[in-house]
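Below is one structure, written out as structure tokens; comments come after it.
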Amino acid sequence: MTGRRSLYLLRHGSSSCNEEGRICGDVEVPLSERGQRQAARAAELLAPCRLDLVLSSPLGRTLDTARRAA
């Protein structure tokens, strides 16, 4: 393998459960307004990076975050 490779790990943005101190688990809870801002900021930070592959769980909040980052 030649060249340098990087692995980026990104947690989904905040949801209402997170903000209330509850664990959401696999319950479908969307990103809160704060979580949407966090996902947008993550996308800004990752914009200069070349992402060859993006993996996400099928939950909406994780897909939303991953799509913005990709």
Side-chain angles (χ1 to χ4, degrees):
M1 182 178 349
T2 62
R4 186 178 136 183
R5 299 208 180 232
S6 297
L7 173 67
Y8 301 96
L9 300 176
L10 178 66
R11 186 179 188 275
H12 62 76
S14 184
S15 70
S16 59
C17 284
N18 301 134
E19 293 170 7
E20 295 167 3
R22 296 183 298 130
I23 297 173
C24 301
D26 61 355
V27 175
E28 190 63 65
V29 180
L31 293 174
S32 64
E33 287 184 28
R34 179 177 181 224
Q36 291 176 28
R37 288 191 305 271
Q38 291 170 332
R41 180 64 178 140
E44 289 175 15
L45 293 171
L46 290 171
C49 303
R50 178 177 166 218
L51 303 177
D52 295 322
L53 177 67
V54 176
L55 300 174
S56 172
S57 85
L59 290 172
R61 64 186 175 271
T62 58
L63 285 171
D64 189 13
T65 302
R67 284 184 181 126
R68 291 172 191 238

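Start at 1 with the first residue, then count along the sequence. Because the structure is a prediction, the values reported are computed rather than measured. Just the heavy atoms: all of them, side chains too, but no hydrogens, waters or symmetry mates, feed the values below.
Residues passing the side chain to side chain contact (heavy atoms under 4.5 Å, CB included) test with Glu28 are Leu59, sequence neighbours excluded. Scanning for side-chain hydrogen bond (donor to acceptor under 3.5 Å, both in side chains) contacts around Arg37 gives an empty result, with sequence neighbours left out.
In this structure, Thr65 contributes its side chain and Ala39 its backbone to no donor-acceptor pair below 3.5 Å. Ser32 places a side-chain N or O within 3.5 Å of a backbone atom of Ser14 that can act as its donor or acceptor partner.
For Leu51 against Ala70, the heavy-atom pair with the smallest separation is CD1-CA, 4.1 Å. Of all the heavy atoms in Gln36 and Arg68, the pair that sits closest is O-NH1, 3.3 Å.
Atoms CG and CG, on Leu63 and Leu31 in that order, are 10.0 Å from each other to the nearest 0.5 Å. Separating the OG atom in Ser6 from the CG atom in Asp52 is a distance of 10.5 Å, to the nearest 0.5 Å. The OG atom of Ser16 lies 12.5 Å from the CZ atom of Arg34; values are rounded to the nearest 0.5 Å.
Residues Leu45 and Leu10 are members of separate hydrophobic clusters, defined by side-chain heavy-atom contacts under 4.5 angstrom among Ile, Leu, Val, Met, Phe, Trp and Tyr.
By the neighbour-count criterion of 12 heavy atoms within 6.0 Å, atom CD of Glu33 is sparsely surrounded, having that number or fewer from other residues, nucleotides or ligands.
Considering only heavy atoms from C-beta on, Cys24 comes within 4.5 Å of Arg61 through its side chain. Contact of the Arg11 side chain with the Asn18 side chain is registered, since non-hydrogen atoms from C-beta on lie closer than 4.5 Å.
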